[in-house]
Amino acid sequence: MKAVPYSGLRKMMLRADELGREGKPVIHLEIGRPDFDTPEHIKAAARRALDEGRVHYTSNYGVPEIRRAIAGKLRSENGLEFDENGEIAVTIGANEAVFLAMMAFLDEGDEVLVPDPSWLNYFYCITLAGGVPVSVPLRVGKGFRMDPDDVARLLTPRTRMMVVMSPHNPTGAVLDRDHLQALAALAQERDLLVLADEIYEKMVYDGAVHHSIGGLPGMRERTLLVNGFSKSYSMTGWRLGYVAAPRELIDVMIRVHQYTVMCPTSFAQYGAVAAYEGPQDCVQDMRREFARRRELILRRLQAMEGIDCPVPEGAFYAFPSVRRLGRSCREVAEHLLEDAYIATVPGSAFGEHGTGHVRLAYSNSYENIEEAMDRMETSLAKL
Ligand SMILES: Cc1ncc(COP(=O)(O)O)c(C=O)c1O
């Protein structure tokens, strides 16, 4: 466990909460969760399930209704065919799906290529499973897209899996089809599994389009498609996600799931059925609001002295470089929190190659972001 430190992001959250309890007007831009309430028709469906007594263990794979809804969504929105009986497992958030993948497929010392910076959980789920995360550097000059040449250079006989995340947390990069194709070719050549994390698929802007790497020729048999309800439907606390993959792969993952969590919360699963089968305007409304906030935060950051802010095409994060301020990203993040009560996350918390950047989540209200940008401008001038 010494190899698995306490999360840097959680540390920022704890300090921000502490300041909040002291009565300081903290603006939270550190946490990656939509600030909206879960849409009413989804809550109503979960309430109904509770009232109908759907309070028991469910199938390890999830209730048939949710698997049918997921198969329908993957077919109609992503053009992917999965059998709802055996090729889909419903998990405790996308996070559990990532954990299952690592526990199920890694032997001691197996290597997994992970874009760096990244959502930290990949690195530590790999470590917990006895595997070795291998950082693939993302460079601002390459639009923070995982460079196939870097991937090829880092492949070894122990490489077992590649993580592909698009849209990307924390950089907001979205991978186009050609790019995915180049990564897919390497995965096929070296017989790798690909964990495709598509949790931010609905949050794309400026005409960017989300593609599923699992839909490319020859990729179905090796892709673990991970997605969930947290971000698209503002359901982070419901803890519902899923993995879709060929039956042989799900068969292995379900055994880890069976002996750890058994099944996700029964009545929450019925809420998620309504998320996928009900009206989708709530998703579009949230996306539109994110787009509006994105315009604001980018415009303000790009005009700020000492800050260089690339344009993210997806997710809900800005990931500006703070190098020109002449301080480390940790110092900048700590200064912003202590001096201006703005909670952010230093890029180094997402991996070595995130150093020099700060992540700001625009999953907070337009007014709070506006206020945070005013405070940030004043506060950075003091550095
Ligand atoms: C890339 C990525 N995948 C998965 C998750 C977790 O999703 P869930 O809430 O479904 O576990 C996050 C949360 O921040 C994330 O950024």
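Keep in mind that what you see is a predicted model, and the values were worked out from it rather than measured. First listed ligand is number 1; within each ligand, the first listed atom is number 1.
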Hey, looking at atom 2 (C) of ligand 1, which of I92, I31, N169, D197 has the closest heavy atom?
D197
Polar side chain donor-acceptor pair, N121 to N95, under 3.5 angstrom:
yes
For the residue pair F290 and Y205, is the inter-centroid distance of their aromatic rings smaller than 6.0 Å?
no
Atom 13 (C) of ligand 1 sits nearest the protein heavy atom K231 NZ, 2.9 Å
Contact check, F229 vs ligand 1, heavy-atom distance below 4.0 Å
no
For atom 5 (C) of ligand 1, the closest protein heavy atom turns out to be W119 CZ2, 3.3 Å
How are the rings of Y233 and F229 set to each other: parallel, tilted or perpendicular (split at 30° and 60°)?
tilted
Against heavy atoms of G93, which atoms of ligand 1 measure under 4.0 Å?
8 (P), 10 (O), 11 (O)
Using a strict cut-off of 4.0 Å, indicate which atoms of ligand 1 neighbour a heavy atom of M165.
1 (C)
Where's the contact between Y122 and ligand 1, heavy-atom distance under 4.0 Å: side chain, backbone, both or neither?
side chain
Could you see which bit of I199 sits under 4.0 Å from ligand 1, with heavy atoms only: side chain, backbone, both or neither?
side chain
Counting from 1, what ligand 1 atoms have a heavy atom of R239 closer than 4.0 Å?
8 (P), 9 (O), 11 (O)
Taking only Lys NZ, Arg NE, NH1 and NH2, and the carboxylate oxygens of Asp or Glu, determine whether R220 and E87 approach each other closer than 4.0 Å.
yes
Check the pair F144 / F319 against ring-ring contact (aromatic ring centres under 6.0 Å, His included), numbers first and verdict last.
CA-CA 10 Å; F144 289 124; F319 198 60; 5.8 Å; yes
Would you mind listing which atoms of ligand 1 come within a distance below 4.0 Å of any non-hydrogen atom of S230?
8 (P), 9 (O), 10 (O)
Please check if the side chain of Q280 supplies one atom and the backbone of A275 the other of a donor-acceptor pair under 3.5 Å.
yes
Do D107 and R160 sit within salt-bridge range, that is, some charged N less than 4.0 Å from a carboxylate O?
no
Give yes if a backbone or side-chain nitrogen or oxygen of T236 is under 3.5 Å from a nitrogen or oxygen of ligand 1, and no if not.
no
Is the closest basic N to carboxylate O distance between D150 and R145 below 4.0 Å?
no
Identity of the nearest option to atom 8 (P) of ligand 1, non-hydrogen atoms only, from G241, A94, S232:
A94
Looking only at distances, can you tell me whether any N or O atom of Y317, backbone or side chain, sits closer than 3.5 Å to an N or O atom of ligand 1?
no
Taking the inter-plane angle between the rings of Y200 and Y317 on a 0 to 90° scale, is it parallel (under 30°), tilted (30 to 60°) or perpendicular (over 60°)?
perpendicular
When you look for heavy atoms under 4.0 Å from ligand 1, do you find them on the side chain of R33, its backbone, both, or neither?
neither
